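One structure, as structure tokens, below. Some questions next.
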Amino acid sequence: MGNRIIRSFSVIIFLLICNYYYTESALSTDSIHFLKPGDVYSNDKPGLQIFCHNANSKYLIHMWRSLTMHLNTNIDNYDFYIGKTPQEVIQKHDDNQRSWSLSLFSTKKSNKLKINPFEDICIGVYVYNNISNLYKYTMSIIQTRIDFSELLLMLLGILIFWTAHKLSGNPLFYYFTCITLGVSTSIIILVYFFSKFLLRGKLMYLMIATGWTMSFYLIQMLWENIQQIVVQYREWVAWYILLTSLISFVISYRFGPVTNTRTKKLIQWFLQIGGLLTIFYSSYFREASFFCCLIITLLYNFPIAIIRKGHNYWKNMFPIKRKLLTEDEYRKEGIRETNKALHELREYCSSPNCNPWKTVLRLKDPIRFAKFMEGDSHLSDDESREHDIEITRIIEECEYTDDEDYL
């Protein structure tokens, strides 16, 4: 009889708790807000508020556009939820509230959140009840038309992809990479030994019981406080990086740069894959960034000579129709090009590239050349007279021929 009473009492308590969380999570439409770039929403009450943004249309000019949701608050006791729809945010909130275990990483607190402008997204902010009754915060959306960080990331990816062949055989790049890997590996080894030193006895059993949850929590806590650690112990950090860099340089210098051709090829391919991934993830407009990766790959594997041959073949198959000059245009073009060529000839003869004494020895009339260099005409009076007579004769012959054709 006593066991039945205890069971009934347990069921009643469980139903009451479930009903409490259900009624708490049931939100009205007043708690869901659709914001646009430039909108600012102020809240002064506890509970869950959901802020959504509808996806923008994809255009090529919006390739490097980004949006940032900014939460301005002095409250510490709040939870952050991210989802595609309000229902997904509510579901995450309900799962977190109904969970009997300590949730360490189901929610993410952040004052600034960079979001994809081409996808629907909802942000849930849940503020707990507190004694001071301070619940005020503001949520705003800031739009960046050209995110220079994304643009620089794409340029960096293109540079890495295009120079991968040279970097794979560059000794300076080899030593820089080895030093970077040495410092990173030493930090990982240091964290491992610290964990072996600290996780003993009951703490080790706690880590085994919680599994990846506690591990992820410790890593996240370390990452969040790494800036504070670097600032407070900057001298120790500087000496540690300097010592590990020196050790890494000595080891890499002992073995020397890579000389094997296949190893260089593997390094080149690895760098090119990394460059393409950098280009792909440099923009929220994935289709456009993928097209950029495709264009870069085609340009790299098909040299400019092949493109020129294709262009010449296209011009031969479909030649451009040229406009013929009239007689008056032809005469003006001849005068203009002649004056241009004479001006270039004077500049060349006056430059250090021309030996004036050798030039004078080859000329029949050096005085005439000197007058030409001073700006006189390149034709003598007799030559001008003969030219006029020849032009007159050609015109008369043309008129005579036209008259005969007419008769």
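Predicted, not measured: the structure shown is a model, and the values here were computed from it. All residue numbers refer to positions in the sequence shown, counting from 1.
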For a quick test of your reading: what N or O donor-acceptor pairs under 3.5 Å do the side chains of residues 283-290 make, sequence neighbours left out?
residue: Ser283; atom: OG; partner: Met63; partner atom: O; Å: 2.4
residue: Ser283; atom: OG; partner: Phe285; partner atom: N; Å: 3.1
residue: Arg286; atom: NH1; partner: Phe280; partner atom: O; Å: 3.3
residue: Arg286; atom: NH1; partner: Ser283; partner atom: O; Å: 2.8
residue: Glu287; atom: OE1; partner: Lys58; partner atom: NZ; Å: 3.1
residue: Glu287; atom: OE2; partner: Lys58; partner atom: NZ; Å: 3.2
residue: Ser289; atom: OG; partner: Phe280; partner atom: O; Å: 3.0
residue: Ser289; atom: OG; partner: Phe285; partner atom: O; Å: 3.4
residue: Ser289; atom: OG; partner: Arg286; partner atom: O; Å: 2.9

| message | I want to check something: taking the side chain as every heavy atom from C-beta on, are Lys340 and Glu344 in contact at a cut-off of under 4.5 Å? | response | yes
| message | So does Ile335 get a backbone contact from the side chain of Asn339, meaning a donor-acceptor N/O pair under 3.5 Å? | response | yes
| query | Taking Ser184 for the side chain and Leu181 for the main chain, is one N or O donor matched with an acceptor at less than 3.5 Å? | reply | no
| task | Classify the ring geometry between Tyr59 and His62 as parallel (under 30°), tilted (30 to 60°) or perpendicular (over 60°). | result | perpendicular
| Which heavy atom in Ile241 sits nearest to a heavy atom in Ser245, and how many Å separate them? | O-OG, 2.6 Å
| request: Supply the atom-to-atom distance Leu48 CG to Ile32 CD1, rounded to the nearest 0.5 angstrom. | output: 9.0 Å
| request: Report yes or no: does Asp120 contribute a side-chain atom to a donor-acceptor pair with the main-chain N or O of Lys84 at less than 3.5 Å? | output: no
| task | Start with the C-alpha distance between Ile141 and Lys36, add both sets of side-chain angles, then the distance that settles side-chain contact (heavy atoms from CB on, under 4.5 Å), and finish with yes or no. | result | CA-CA 7 Å; Ile141 293 185; Lys36 296 180 180 179; over 6 Å; no
| query | Taking all non-hydrogen atoms of both residues, which atom of Arg65 and which atom of Pro117 are closest, and how far apart? | reply | O-CG, 3.5 Å
| Is the number of heavy atoms from other residues, nucleotides or ligands under 6.0 Å of Ile146 CD1 greater than 12? | no
| message | To the closest 0.5 Å, what do you measure between CG (Leu156) and CD1 (Ile279)? | response | 9.0 Å
| CG-OG1 distance between Leu172 and Thr177, expressed to the nearest 0.5 angstrom | 9.0 Å
| query | Would you say Leu271 and Phe161 make side-chain contact, with heavy atoms under 4.5 Å? | reply | no
| Over 12 foreign heavy atoms within 6.0 Å of OH, Tyr281 | no
| said: To the closest 0.5 Å, what do you measure between OG (Ser282) and CG (Leu151)? | reply: 8.5 Å
| request: Hey, could you give me the OG1/CG distance between Thr138 and Asp44, rounded to the nearest 0.5 Å? | output: 12.0 Å
| said: Does Ser140 form a side-chain contact (heavy atoms from CB on, under 4.5 Å) with Tyr41? I'd like the steps, not just the answer. | reply: CA-CA 6 Å; Ser140 60; Tyr41 178 82; over 6 Å; no
| request: Please assess Ser66 against Glu150 for the test side-chain contact (heavy atoms from CB on, under 4.5 Å), listing each intermediate value before the final yes or no. | output: CA-CA 9 Å; Ser66 65; Glu150 296 180 358; 3.8 Å; yes
| task | Enter the distance from Leu67:CG to Thr144:OG1 here, rounded to the nearest 0.5 Å. | result | 7.5 Å
| task | Given salt bridge (charged side-chain N to carboxylate O under 4.0 Å, His left out), test Asp328 with Arg331 step by step and report yes or no. | result | CA-CA 5 Å; Asp328 186 49; Arg331 182 177 60 82; 2.8 Å; yes
| request: Evaluate the side-chain proximity of Pro37 to His53: yes if any heavy-atom separation is below 4.5 Å, no if none is. | output: yes
| Can you say whether the rings of Phe249 and Tyr175 are parallel (under 30°), tilted (30 to 60°) or perpendicular (over 60°)? | tilted
| said: Are Cys178 and Ser248 packed together at the side-chain level, in the sense that at least one heavy-atom pair is separated by less than 4.5 angstrom? | reply: no
| message | Which residue is it: Gln272, Gln268, Lys265? I am looking for the one with a side-chain hydrogen bond (donor to acceptor under 3.5 Å, both in side chains) to His165. | response | Gln268
| field | Heavy-atom check, side chain of Lys166 versus side chain of Phe173, under 4.5 Å | value | no
| Should we say atom CD of Glu337 is surrounded by more than 12 heavy atoms from elsewhere, each under 6.0 Å from it? | yes
| remark: Correct closest heavy-atom pair for Lys45 and Asn43 would be O-ND2, 2.7 Å
| request: Go through the steps for Thr297 and Leu276 under the test side-chain contact (heavy atoms from CB on, under 4.5 Å), then give the verdict. | output: CA-CA 9 Å; Thr297 306; Leu276 290 177; 3.9 Å; yes
| Could you walk me through whether Ser186 and Tyr240 pass the side chain to side chain donor-acceptor pair (under 3.5 Å) check? | CA-CA 10 Å; Ser186 65; Tyr240 177 79; 3.1 Å; yes
| message | Could you work out, with side chain to side chain donor-acceptor pair (under 3.5 Å) as the rule, every residue matching Glu390, not counting sequence neighbours? | response | Arg393
| query | How about Trp64 and Arg145: do any of their side-chain heavy atoms sit closer than 4.5 Å? | reply | no
| request: State which residue, out of Phe80, Tyr78, Tyr126, fulfils the ring-ring contact (aromatic ring centres under 6.0 Å, His included) condition with His93. | output: Tyr126
| Short question: side chain of Lys92, backbone of Ile82 - any donor-acceptor pair under 3.5 Å? | yes
| query | In terms of SG positions, are Cys354 and Cys349 separated by less than 2.5 Å? | reply | no
| said: Between Asp147 and Ser149, is there a side-chain donor-acceptor contact under 3.5 Å, judged purely by atom types and distance? | reply: yes
| request: Evaluate the side-chain proximity of Val89 to Thr85: yes if any heavy-atom separation is below 4.5 Å, no if none is. | output: no
| Given side chains that start at C-beta, do those of Ile123 and Ile50 come closer than 4.5 Å, heavy atoms only? | no
| note | On a heavy-atom basis, the closest approach of Lys264 and Val258 is CE-O, 3.1 Å
